[in-house]
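Report on the structure given below.
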2 protein chains.
Amino acid sequence: MDVSRQQNESAARAERGPRARTRKLMLETATRLMQSGITPSVSEVAEAAEVSRATAYRYFPSQAALVHAVVDEALGPILDWRSEAPDALTRVADLLATAMPRIDEFEATFKAALKLSLDQWAQRQAGTLGNEPQLTRGHRVELLRQVTVPLEGKLSTEAREQLAQALSLVFGVEVLVVLKDIWGLSAERAQSVAEWAAAALVEAAIREGQTAA
Amino acid sequence: MDVSRQQNESAARAERGPRARTRKLMLETATRLMQSGITPSVSEVAEAAEVSRATAYRYFPSQAALVHAVVDEALGPILDWRSEAPDALTRVADLLATAMPRIDEFEATFKAALKLSLDQWAQRQAGTLGNEPQLTRGHRVELLRQVTVPLEGKLSTEAREQLAQALSLVFGVEVLVVLKDIWGLSAERAQSVAEWAAAALVEAAIREGQTAA
DNA sequence: AAAATTATGAGATGCGCGTATCATAAAGAT
DNA sequence: ATCTTTATGATACGCGCATCTCATAATTTT
(Lines give C-alpha, C1' and ligand atoms only; values in the text may rest on other atoms or scores of the structure.)
Protein backbone atom coordinates (compact mmCIF):
# COMPACT_ATOMS: atom_id res chain seq x y z
CA MET A 1 0.00 0.00 0.00
CA ASP A 2 1.34 3.39 -0.96
CA VAL A 3 0.95 5.71 1.98
CA SER A 4 1.35 8.96 0.09
CA ARG A 5 -1.39 7.81 -2.26
CA GLN A 6 -3.65 7.25 0.70
CA GLN A 7 -2.90 10.71 2.05
CA ASN A 8 -3.67 12.29 -1.30
CA GLU A 9 -6.93 10.43 -1.53
CA SER A 10 -8.06 11.40 1.93
CA ALA A 11 -7.05 14.99 1.26
CA ALA A 12 -8.99 14.98 -1.99
CA ARG A 13 -11.96 13.23 -0.43
CA ALA A 14 -12.33 15.85 2.29
CA GLU A 15 -11.37 19.18 0.78
CA ARG A 16 -13.61 20.97 3.23
CA GLY A 17 -14.66 20.25 6.76
CA PRO A 18 -12.55 19.95 9.90
CA ARG A 19 -10.24 17.33 8.46
CA ALA A 20 -9.06 19.57 5.66
CA ARG A 21 -8.80 22.59 7.91
CA THR A 22 -6.67 20.91 10.51
CA ARG A 23 -4.49 19.27 7.91
CA LYS A 24 -3.95 22.55 6.13
CA LEU A 25 -3.20 24.29 9.40
CA MET A 26 -0.60 21.71 10.28
CA LEU A 27 0.97 21.79 6.85
CA GLU A 28 1.27 25.57 6.93
CA THR A 29 2.71 25.46 10.41
CA ALA A 30 5.20 22.79 9.45
CA THR A 31 6.25 24.72 6.35
CA ARG A 32 6.73 27.86 8.39
CA LEU A 33 8.82 26.02 10.97
CA MET A 34 10.95 24.43 8.28
CA GLN A 35 11.52 27.74 6.56
CA SER A 36 12.90 28.99 9.84
CA GLY A 37 15.43 26.19 9.76
CA ILE A 38 13.87 23.68 12.12
CA THR A 39 13.05 20.16 11.01
CA PRO A 40 10.15 19.82 13.39
CA SER A 41 8.97 16.65 15.00
CA VAL A 42 5.28 15.89 14.85
CA SER A 43 5.02 17.00 18.47
CA GLU A 44 6.60 20.34 17.71
CA VAL A 45 4.19 21.02 14.88
CA ALA A 46 1.33 20.02 17.16
CA GLU A 47 2.39 22.52 19.77
CA ALA A 48 3.02 25.31 17.26
CA ALA A 49 -0.30 24.67 15.52
CA GLU A 50 -2.04 24.41 18.89
CA VAL A 51 -3.53 21.02 18.37
CA SER A 52 -3.01 18.07 20.65
CA ARG A 53 -0.24 15.60 19.92
CA ALA A 54 -2.78 12.86 19.39
CA THR A 55 -4.53 14.81 16.67
CA ALA A 56 -1.26 15.69 15.00
CA TYR A 57 -0.24 12.04 14.83
CA ARG A 58 -3.56 11.18 13.22
CA TYR A 59 -2.71 13.37 10.25
CA PHE A 60 0.99 12.72 10.04
CA PRO A 61 1.99 9.44 11.67
CA SER A 62 5.68 10.27 11.51
CA GLN A 63 8.14 13.03 10.87
CA ALA A 64 8.86 11.41 7.51
CA ALA A 65 5.23 11.76 6.44
CA LEU A 66 5.29 15.37 7.51
CA VAL A 67 8.42 16.24 5.58
CA HIS A 68 7.11 14.35 2.58
CA ALA A 69 3.98 16.49 2.53
CA VAL A 70 5.91 19.73 2.94
CA VAL A 71 8.33 18.76 0.18
CA ASP A 72 5.40 18.14 -2.15
CA GLU A 73 4.26 21.69 -1.50
CA ALA A 74 7.75 23.08 -1.91
CA LEU A 75 8.35 21.34 -5.22
CA GLY A 76 5.31 23.07 -6.71
CA PRO A 77 6.43 24.92 -9.84
CA ILE A 78 9.41 22.64 -10.35
CA LEU A 79 7.20 19.66 -11.06
CA ASP A 80 5.20 21.63 -13.61
CA TRP A 81 8.29 22.76 -15.47
CA ARG A 82 8.31 22.09 -19.19
CA SER A 83 10.40 23.53 -21.93
CA GLU A 84 9.69 23.79 -25.62
CA ALA A 85 13.06 25.30 -26.42
CA PRO A 86 14.61 23.63 -29.46
CA ASP A 87 18.10 23.19 -28.00
CA ALA A 88 19.29 21.42 -24.89
CA LEU A 89 21.49 24.29 -23.82
CA THR A 90 18.56 26.64 -23.47
CA ARG A 91 16.47 24.00 -21.78
CA VAL A 92 19.00 23.23 -19.09
CA ALA A 93 19.61 26.90 -18.41
CA ASP A 94 15.90 27.40 -18.14
CA LEU A 95 15.49 24.47 -15.80
CA LEU A 96 18.21 25.69 -13.49
CA ALA A 97 16.82 29.21 -13.52
CA THR A 98 13.44 27.85 -12.49
CA ALA A 99 14.42 25.19 -10.01
CA MET A 100 17.50 26.40 -8.18
CA PRO A 101 16.03 29.58 -6.69
CA ARG A 102 13.06 27.57 -5.52
CA ILE A 103 15.32 24.95 -3.99
CA ASP A 104 17.33 27.67 -2.31
CA GLU A 105 14.18 29.29 -0.98
CA PHE A 106 13.09 26.02 0.59
CA GLU A 107 16.63 24.94 1.42
CA ALA A 108 15.83 23.65 4.88
CA THR A 109 12.93 21.60 3.57
CA PHE A 110 14.94 19.94 0.85
CA LYS A 111 17.82 19.29 3.18
CA ALA A 112 15.43 17.66 5.60
CA ALA A 113 14.19 15.49 2.76
CA LEU A 114 17.73 14.54 1.83
CA LYS A 115 18.41 13.68 5.43
CA LEU A 116 15.35 11.47 5.60
CA SER A 117 16.29 9.67 2.41
CA LEU A 118 19.70 8.95 3.91
CA ASP A 119 17.97 7.64 7.01
CA GLN A 120 15.82 5.37 4.95
CA TRP A 121 18.78 4.14 2.95
CA ALA A 122 20.58 3.23 6.16
CA GLN A 123 17.55 1.45 7.54
CA ARG A 124 17.17 -0.42 4.30
CA GLN A 125 20.80 -1.52 4.51
CA ALA A 126 20.30 -2.68 8.05
CA GLY A 127 17.12 -4.50 7.13
CA THR A 128 15.13 -2.37 9.54
CA LEU A 129 12.72 -0.86 7.08
CA GLY A 130 9.59 0.51 8.65
CA ASN A 131 6.41 1.30 6.73
CA GLU A 132 7.62 4.84 6.18
CA PRO A 133 6.27 6.96 3.31
CA GLN A 134 9.33 6.27 1.14
CA LEU A 135 10.58 9.65 -0.03
CA THR A 136 10.42 9.98 -3.79
CA ARG A 137 13.53 11.93 -4.83
CA GLY A 138 13.33 10.87 -8.44
CA HIS A 139 11.87 13.92 -10.12
CA ARG A 140 15.31 14.80 -11.37
CA VAL A 141 15.31 11.90 -13.78
CA GLU A 142 12.18 12.99 -15.60
CA LEU A 143 13.17 16.64 -15.73
CA LEU A 144 16.61 15.95 -17.13
CA ARG A 145 15.35 13.52 -19.71
CA GLN A 146 13.16 16.39 -20.86
CA VAL A 147 16.25 18.52 -21.15
CA THR A 148 18.04 16.08 -23.41
CA VAL A 149 15.11 15.49 -25.76
CA PRO A 150 16.42 17.94 -28.40
CA LEU A 151 19.52 15.79 -28.72
CA GLU A 152 17.54 12.79 -29.80
CA GLY A 153 18.98 12.54 -33.29
CA LYS A 154 22.41 13.89 -32.50
CA LEU A 155 23.40 11.61 -29.67
CA SER A 156 23.17 7.91 -29.03
CA THR A 157 20.67 6.84 -26.41
CA GLU A 158 23.52 5.93 -24.10
CA ALA A 159 25.21 9.29 -24.53
CA ARG A 160 21.99 11.12 -23.82
CA GLU A 161 21.40 9.05 -20.74
CA GLN A 162 24.90 9.69 -19.51
CA LEU A 163 24.47 13.41 -20.07
CA ALA A 164 21.25 13.42 -18.08
CA GLN A 165 22.98 11.55 -15.30
CA ALA A 166 25.91 13.95 -15.25
CA LEU A 167 23.55 16.91 -15.26
CA SER A 168 21.77 15.51 -12.25
CA LEU A 169 25.00 16.04 -10.34
CA VAL A 170 24.86 19.79 -10.85
CA PHE A 171 21.16 20.18 -10.10
CA GLY A 172 19.55 19.70 -6.74
CA VAL A 173 20.00 20.38 -3.03
CA GLU A 174 23.31 18.58 -3.08
CA VAL A 175 24.68 21.47 -5.12
CA LEU A 176 23.74 23.89 -2.39
CA VAL A 177 25.17 21.66 0.29
CA VAL A 178 28.52 21.54 -1.44
CA LEU A 179 28.84 25.06 -2.79
CA LYS A 180 27.23 27.02 0.02
CA ASP A 181 28.17 24.97 3.05
CA ILE A 182 31.61 23.73 2.07
CA TRP A 183 32.83 26.50 -0.23
CA GLY A 184 30.94 29.25 1.50
CA LEU A 185 29.46 30.63 -1.71
CA SER A 186 26.37 32.79 -1.87
CA ALA A 187 23.24 31.35 -3.43
CA GLU A 188 23.84 33.46 -6.53
CA ARG A 189 27.40 32.30 -6.99
CA ALA A 190 26.34 28.71 -6.40
CA GLN A 191 23.71 28.95 -9.07
CA SER A 192 26.19 30.57 -11.43
CA VAL A 193 28.68 27.75 -10.94
CA ALA A 194 25.95 25.17 -11.47
CA GLU A 195 24.86 26.89 -14.67
CA TRP A 196 28.39 27.02 -15.99
CA ALA A 197 28.94 23.35 -15.21
CA ALA A 198 25.65 22.33 -16.78
CA ALA A 199 26.42 24.20 -19.97
CA ALA A 200 29.90 22.68 -20.11
CA LEU A 201 28.46 19.19 -19.80
CA VAL A 202 25.88 19.70 -22.51
CA GLU A 203 28.46 21.14 -24.88
CA ALA A 204 30.88 18.32 -24.20
CA ALA A 205 28.19 15.75 -24.96
CA ILE A 206 27.28 17.49 -28.21
CA ARG A 207 30.91 17.80 -29.24
CA GLU A 208 31.50 14.11 -28.65
CA GLY A 209 28.37 13.21 -30.54
CA GLN A 210 29.59 15.17 -33.55
CA THR A 211 33.04 13.59 -33.66
CA ALA A 212 31.49 10.17 -33.30
CA ALA A 213 29.07 10.75 -36.17
CA MET B 1 37.27 24.43 22.25
CA ASP B 2 37.71 22.00 19.42
CA VAL B 3 36.50 18.64 20.56
CA SER B 4 38.09 16.59 17.80
CA ARG B 5 41.41 18.14 18.73
CA GLN B 6 40.93 17.02 22.29
CA GLN B 7 40.17 13.50 21.16
CA ASN B 8 43.26 13.39 19.01
CA GLU B 9 45.40 14.61 21.88
CA SER B 10 44.06 12.10 24.33
CA ALA B 11 44.49 9.35 21.77
CA ALA B 12 48.06 10.41 21.16
CA ARG B 13 48.78 10.80 24.84
CA ALA B 14 47.79 7.21 25.60
CA GLU B 15 48.77 5.09 22.64
CA ARG B 16 49.09 2.07 24.82
CA GLY B 17 47.33 0.90 27.95
CA PRO B 18 43.65 0.18 28.49
CA ARG B 19 42.53 3.57 27.18
CA ALA B 20 44.00 2.98 23.77
CA ARG B 21 42.89 -0.64 23.66
CA THR B 22 39.28 0.09 24.49
CA ARG B 23 39.15 3.02 22.13
CA LYS B 24 40.61 0.98 19.31
CA LEU B 25 38.22 -1.85 20.02
CA MET B 26 35.26 0.47 19.88
CA LEU B 27 36.46 2.15 16.72
CA GLU B 28 36.93 -1.16 14.96
CA THR B 29 33.54 -2.34 16.11
CA ALA B 30 31.90 0.88 14.98
CA THR B 31 33.59 0.65 11.59
CA ARG B 32 32.48 -2.92 11.17
CA LEU B 33 28.90 -2.06 12.08
CA MET B 34 28.88 0.87 9.68
CA GLN B 35 30.25 -1.25 6.88
CA SER B 36 27.29 -3.54 7.40
CA GLY B 37 25.01 -0.60 6.79
CA ILE B 38 24.06 0.39 10.32
CA THR B 39 24.71 3.84 11.69
CA PRO B 40 25.14 2.62 15.21
CA SER B 41 24.28 4.52 18.33
CA VAL B 42 26.87 4.64 21.08
CA SER B 43 24.86 2.03 22.95
CA GLU B 44 24.88 -0.33 20.00
CA VAL B 45 28.62 -0.08 19.66
CA ALA B 46 28.93 -0.68 23.37
CA GLU B 47 26.93 -3.85 23.17
CA ALA B 48 28.70 -5.11 20.06
CA ALA B 49 32.12 -4.36 21.56
CA GLU B 50 31.04 -5.93 24.84
CA VAL B 51 31.77 -2.94 27.01
CA SER B 52 29.25 -1.24 29.22
CA ARG B 53 27.35 1.75 27.94
CA ALA B 54 28.96 3.96 30.54
CA THR B 55 32.41 3.11 29.29
CA ALA B 56 31.40 3.64 25.70
CA TYR B 57 30.09 7.10 26.45
CA ARG B 58 33.37 8.00 28.13
CA TYR B 59 35.19 7.49 24.85
CA PHE B 60 32.55 8.79 22.46
CA PRO B 61 30.12 11.15 24.13
CA SER B 62 27.76 11.15 21.17
CA GLN B 63 26.97 9.40 17.94
CA ALA B 64 28.41 12.41 16.14
CA ALA B 65 31.79 11.96 17.81
CA LEU B 66 31.71 8.31 16.90
CA VAL B 67 30.95 8.90 13.24
CA HIS B 68 33.55 11.62 13.11
CA ALA B 69 36.21 9.21 14.32
CA VAL B 70 35.16 6.50 11.89
CA VAL B 71 35.15 8.95 9.00
CA ASP B 72 38.69 9.99 9.85
CA GLU B 73 39.70 6.34 9.52
CA ALA B 74 37.75 5.88 6.32
CA LEU B 75 39.26 8.93 4.66
CA GLY B 76 42.70 7.42 5.10
CA PRO B 77 44.40 7.27 1.68
CA ILE B 78 42.22 10.04 0.28
CA LEU B 79 43.75 12.61 2.58
CA ASP B 80 47.25 11.54 1.59
CA TRP B 81 46.50 11.83 -2.10
CA ARG B 82 48.89 13.96 -4.10
CA SER B 83 49.52 14.16 -7.78
CA GLU B 84 52.59 15.32 -9.65
CA ALA B 85 51.00 14.87 -13.03
CA PRO B 86 51.66 17.89 -15.26
CA ASP B 87 48.12 18.29 -16.56
CA ALA B 88 44.85 18.81 -14.74
CA LEU B 89 43.04 16.19 -16.78
CA THR B 90 45.31 13.42 -15.54
CA ARG B 91 45.19 14.74 -12.01
CA VAL B 92 41.42 14.76 -11.77
CA ALA B 93 41.15 11.31 -13.30
CA ASP B 94 43.71 10.10 -10.80
CA LEU B 95 41.89 11.70 -7.90
CA LEU B 96 38.59 10.13 -8.86
CA ALA B 97 40.22 6.76 -9.39
CA THR B 98 41.70 6.94 -5.90
CA ALA B 99 38.86 8.47 -3.98
CA MET B 100 35.64 7.17 -5.46
CA PRO B 101 36.22 3.46 -4.86
CA ARG B 102 37.19 4.26 -1.31
CA ILE B 103 34.08 6.37 -0.82
CA ASP B 104 31.99 3.60 -2.31
CA GLU B 105 33.61 1.06 -0.04
CA PHE B 106 32.75 3.14 3.02
CA GLU B 107 29.49 4.37 1.57
CA ALA B 108 27.49 3.95 4.75
CA THR B 109 30.07 5.83 6.77
CA PHE B 110 30.19 8.79 4.43
CA LYS B 111 26.44 8.90 4.15
CA ALA B 112 26.21 8.94 7.92
CA ALA B 113 28.65 11.84 7.96
CA LEU B 114 26.60 13.69 5.37
CA LYS B 115 23.51 13.10 7.45
CA LEU B 116 25.19 14.47 10.53
CA SER B 117 26.39 17.55 8.71
CA LEU B 118 22.82 18.18 7.60
CA ASP B 119 21.70 17.74 11.18
CA GLN B 120 24.23 20.25 12.37
CA TRP B 121 23.27 22.70 9.64
CA ALA B 122 19.64 22.49 10.74
CA GLN B 123 20.54 22.97 14.37
CA ARG B 124 22.67 25.94 13.45
CA GLN B 125 19.75 27.44 11.57
CA ALA B 126 17.48 26.90 14.50
CA GLY B 127 20.01 28.35 16.90
CA THR B 128 20.15 25.07 18.80
CA LEU B 129 23.81 24.36 18.37
CA GLY B 130 25.20 21.88 20.85
CA ASN B 131 28.89 21.35 21.56
CA GLU B 132 29.04 18.66 18.91
CA PRO B 133 32.33 17.74 17.23
CA GLN B 134 31.57 19.85 14.12
CA LEU B 135 32.07 17.58 11.13
CA THR B 136 34.78 18.84 8.82
CA ARG B 137 33.60 18.05 5.28
CA GLY B 138 36.03 20.44 3.64
CA HIS B 139 38.75 18.15 2.37
CA ARG B 140 37.32 18.49 -1.10
CA VAL B 141 38.45 22.07 -1.35
CA GLU B 142 42.11 21.30 -0.79
CA LEU B 143 42.14 18.25 -3.05
CA LEU B 144 40.52 20.04 -5.94
CA ARG B 145 42.75 23.07 -5.67
CA GLN B 146 45.59 20.58 -6.05
CA VAL B 147 43.96 19.34 -9.21
CA THR B 148 43.80 22.77 -10.79
CA VAL B 149 47.37 23.74 -9.97
CA PRO B 150 48.68 22.85 -13.48
CA LEU B 151 46.30 25.45 -14.91
CA GLU B 152 47.93 28.23 -12.97
CA GLY B 153 49.22 30.13 -15.96
CA LYS B 154 46.50 29.20 -18.41
CA LEU B 155 43.46 30.26 -16.42
CA SER B 156 42.55 33.26 -14.35
CA THR B 157 42.36 32.71 -10.62
CA GLU B 158 38.59 33.08 -10.79
CA ALA B 159 38.27 30.55 -13.58
CA ARG B 160 40.43 28.05 -11.69
CA GLU B 161 38.36 28.54 -8.57
CA GLN B 162 35.15 28.08 -10.48
CA LEU B 163 36.48 24.90 -12.03
CA ALA B 164 37.42 23.52 -8.64
CA GLN B 165 33.96 24.34 -7.36
CA ALA B 166 32.28 22.70 -10.32
CA LEU B 167 34.48 19.64 -9.94
CA SER B 168 33.46 19.34 -6.31
CA LEU B 169 29.95 18.63 -7.58
CA VAL B 170 31.06 15.46 -9.34
CA PHE B 171 33.25 14.15 -6.55
CA GLY B 172 32.02 12.93 -3.20
CA VAL B 173 29.31 10.88 -1.53
CA GLU B 174 26.66 13.07 -3.08
CA VAL B 175 27.58 11.57 -6.44
CA LEU B 176 26.82 8.11 -5.14
CA VAL B 177 23.58 9.27 -3.56
CA VAL B 178 22.36 10.68 -6.84
CA LEU B 179 23.65 8.13 -9.32
CA LYS B 180 23.24 4.94 -7.35
CA ASP B 181 20.14 5.69 -5.30
CA ILE B 182 18.15 7.82 -7.72
CA TRP B 183 19.31 6.50 -11.09
CA GLY B 184 19.98 3.00 -9.88
CA LEU B 185 23.43 2.81 -11.39
CA SER B 186 26.14 0.42 -10.29
CA ALA B 187 29.17 1.78 -8.52
CA GLU B 188 31.21 1.30 -11.66
CA ARG B 189 28.77 3.14 -13.89
CA ALA B 190 28.51 5.92 -11.33
CA GLN B 191 32.25 6.33 -11.27
CA SER B 192 32.38 6.30 -15.04
CA VAL B 193 29.78 9.06 -15.27
CA ALA B 194 31.64 11.10 -12.68
CA GLU B 195 34.89 10.69 -14.58
CA TRP B 196 33.28 11.73 -17.84
CA ALA B 197 31.72 14.79 -16.22
CA ALA B 198 34.96 15.77 -14.51
CA ALA B 199 36.91 15.54 -17.75
CA ALA B 200 34.26 17.56 -19.57
CA LEU B 201 34.46 20.31 -16.96
CA VAL B 202 38.24 20.52 -17.07
CA GLU B 203 38.26 20.64 -20.86
CA ALA B 204 35.59 23.31 -20.93
CA ALA B 205 37.58 25.45 -18.51
CA ILE B 206 40.73 25.06 -20.58
CA ARG B 207 38.90 25.85 -23.80
CA GLU B 208 37.42 29.00 -22.32
CA GLY B 209 40.80 30.05 -20.99
CA GLN B 210 42.29 29.71 -24.45
CA THR B 211 39.62 31.77 -26.21
CA ALA B 212 39.88 34.41 -23.50
CA ALA B 213 43.66 34.62 -23.86
C1' DA C 1 53.30 -5.71 48.94
C1' DA C 2 50.48 -1.67 50.04
C1' DA C 3 48.48 2.50 48.68
C1' DA C 4 46.83 5.65 45.31
C1' DT C 5 45.09 6.33 40.95
C1' DT C 6 42.31 5.16 37.14
C1' DA C 7 39.14 2.31 34.33
C1' DT C 8 34.99 -0.26 34.30
C1' DG C 9 30.27 -1.97 35.11
C1' DA C 10 25.56 -1.99 37.01
C1' DG C 11 21.86 0.51 37.93
C1' DA C 12 18.80 4.68 38.33
C1' DT C 13 16.99 8.90 36.25
C1' DG C 14 15.35 12.13 32.79
C1' DC C 15 13.87 13.17 28.19
C1' DG C 16 11.64 12.87 23.63
C1' DC C 17 9.29 10.19 20.25
C1' DG C 18 5.60 7.18 18.91
C1' DT C 19 1.38 4.50 20.33
C1' DA C 20 -2.94 3.34 22.62
C1' DT C 21 -7.02 4.34 25.46
C1' DC C 22 -10.96 6.71 26.75
C1' DA C 23 -13.94 10.51 27.64
C1' DT C 24 -15.67 14.83 25.71
C1' DA C 25 -16.95 18.00 22.02
C1' DA C 26 -18.37 19.01 17.42
C1' DA C 27 -20.65 17.96 13.12
C1' DG C 28 -24.03 15.59 10.46
C1' DA C 29 -28.40 12.64 9.83
C1' DT C 30 -33.15 11.53 10.80
C1' DA D 1 -34.56 18.11 18.86
C1' DT D 2 -32.48 13.74 19.23
C1' DC D 3 -29.41 10.45 17.87
C1' DT D 4 -25.35 8.85 15.38
C1' DT D 5 -20.96 9.59 13.61
C1' DT D 6 -16.67 11.71 13.68
C1' DA D 7 -12.97 14.69 15.45
C1' DT D 8 -10.41 16.18 19.34
C1' DG D 9 -7.84 16.36 23.73
C1' DA D 10 -5.93 14.55 27.98
C1' DT D 11 -3.52 10.93 29.90
C1' DA D 12 -0.71 7.02 30.32
C1' DC D 13 2.56 3.61 28.52
C1' DG D 14 6.69 1.56 26.25
C1' DC D 15 11.07 2.28 24.11
C1' DG D 16 15.65 3.96 23.18
C1' DC D 17 19.16 7.41 23.88
C1' DA D 18 22.02 10.06 26.96
C1' DT D 19 23.53 11.24 31.67
C1' DC D 20 24.79 10.48 36.51
C1' DT D 21 26.17 7.99 40.71
C1' DC D 22 28.59 4.76 43.16
C1' DA D 23 30.75 0.45 44.04
C1' DT D 24 34.21 -2.78 42.22
C1' DA D 25 38.13 -4.18 39.46
C1' DA D 26 42.41 -3.20 37.24
C1' DT D 27 46.53 -0.64 36.77
C1' DT D 28 50.24 2.15 38.27
C1' DT D 29 53.13 4.20 41.84
C1' DT D 30 55.84 4.09 45.93
Side-chain angles (χ1 to χ4, degrees), chain A residues 3 7 9-11 13-27 29-30 33 38-69 112 115-116 119-120 122-123 126-133, chain B residues 3 7 9-11 13-27 29-30 33-34 38-69 112 115-116 119-120 122-123 126 128-133:
Chain A
V3 178
Q7 287 178 356
E9 280 175 11
S10 86
R13 181 157 43 82
E15 288 214 349
R16 55 185 67 259
R19 303 194 72 131
R21 271 194 296 107
T22 307
R23 189 188 151 85
K24 193 170 170 234
L25 171 65
M26 283 192 64
L27 215 61
T29 306
L33 288 176
I38 307 166
T39 308
S41 67
V42 180
S43 299
E44 284 174 303
V45 176
E47 189 177 2
E50 290 183 308
V51 298
S52 79
R53 274 166 20 98
T55 302
Y57 274 104
R58 279 187 198 98
Y59 286 90
F60 301 98
S62 68
Q63 193 194 42
L66 191 57
V67 171
H68 185 267
K115 196 156 74 71
L116 278 181
D119 263 330
Q120 293 183 355
Q123 286 173 2
T128 322
L129 75 163
N131 303 9
E132 304 271 285
Chain B
V3 178
Q7 286 179 357
E9 280 175 11
S10 85
R13 179 157 43 83
E15 289 217 348
R16 55 186 67 257
R19 303 193 71 128
R21 271 194 297 105
T22 306
R23 188 188 152 86
K24 193 171 170 236
L25 172 64
M26 283 192 63
L27 214 61
T29 306
L33 287 176
M34 284 202 172
I38 307 167
T39 308
S41 66
V42 181
S43 300
E44 282 175 302
V45 176
E47 189 177 3
E50 288 182 311
V51 298
S52 80
R53 285 207 315 286
T55 302
Y57 275 103
R58 280 188 198 98
Y59 287 90
F60 301 98
S62 67
Q63 193 195 41
L66 191 58
V67 171
H68 184 268
K115 195 157 76 70
L116 278 181
D119 263 329
Q120 293 183 356
Q123 287 173 2
T128 323
L129 75 163
N131 304 9
E132 304 270 289

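Heavy atoms only: backbone and side chains are in, while hydrogens, waters and symmetry mates are out. We name chains A, B, ... by the order of the sequence lines, and we start the count at 1 in each one. Not measured: the values here are computed from a predicted model.
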Please state how far atom CD in B:Q63 lies from atom P in D:dT19, giving the value in whole angstrom units.
-> 12 Å

Take B:K115 and A:D119 through the side-chain contact (heavy atoms from CB on, under 4.5 Å) test and state the conclusion after the steps.
-> CA-CA 8 Å; B:K115 195 157 76 70; A:D119 263 330; 3.0 Å; yes

Verify the neighbour count for atom CD of B:E47: are there more than 12 heavy atoms of other residues, nucleotides or ligands below 6.0 Å?
-> no

Please state how far atom CG in A:D119 lies from atom P in C:dC17, giving the value in whole angstrom units.
-> 15 Å

A:R21 CZ to C:dA27 C1', straight-line distance once rounded to whole Å | 10 Å

Check whether any side-chain nitrogen or oxygen of B:Y57 sits under 4.0 Å from OP1 or OP2 of D:dC20, and answer yes or no.
-> no

Under the 3.5 angstrom rule, does the side chain of B:Q63 hit a backbone N or O of B:T39 as a donor-acceptor pair?
-> yes

Rounded distance in Å - CZ (A:F60) to P (D:dT8) = 12 Å

Under 4.0 Å protein heavy-atom contacts per nucleotide of nucleotides 9-14 of chain D, with B for base, S for backbone only and - for none | BB-B--

What is the distance from CE of B:M26 to C1' of C:dA7, rounded to the nearest Å?
-> 14 Å

Taking only the side-chain nitrogens and oxygens of B:S41, find out if one of them lies under 4.0 Å from OP1 or OP2 of D:dG16.
-> no

Which nucleotide in the list C:dG18, D:dA18, D:dA7 gets nearest to the side chain of A:V42?
-> C:dG18

For the student: nearest non-hydrogen atoms of A:A49 and A:L25, plus distance | O-CD2, 3.6 Å

Protein-nucleotide distance (A:R23, atom CZ; D:dT8, atom C1'), rounded to Å = 18 Å

Assess whether side-chain contact (heavy atoms from CB on, under 4.5 Å) is satisfied between B:M34 and B:V67, documenting all intermediate values.
-> CA-CA 9 Å; B:M34 284 202 172; B:V67 171; 3.3 Å; yes

Could you check A:L27 against A:K24 for side-chain contact (heavy atoms from CB on, under 4.5 Å), going step by step and ending with a plain yes or no?
-> CA-CA 5 Å; A:L27 215 61; A:K24 193 170 170 234; 5.7 Å; no

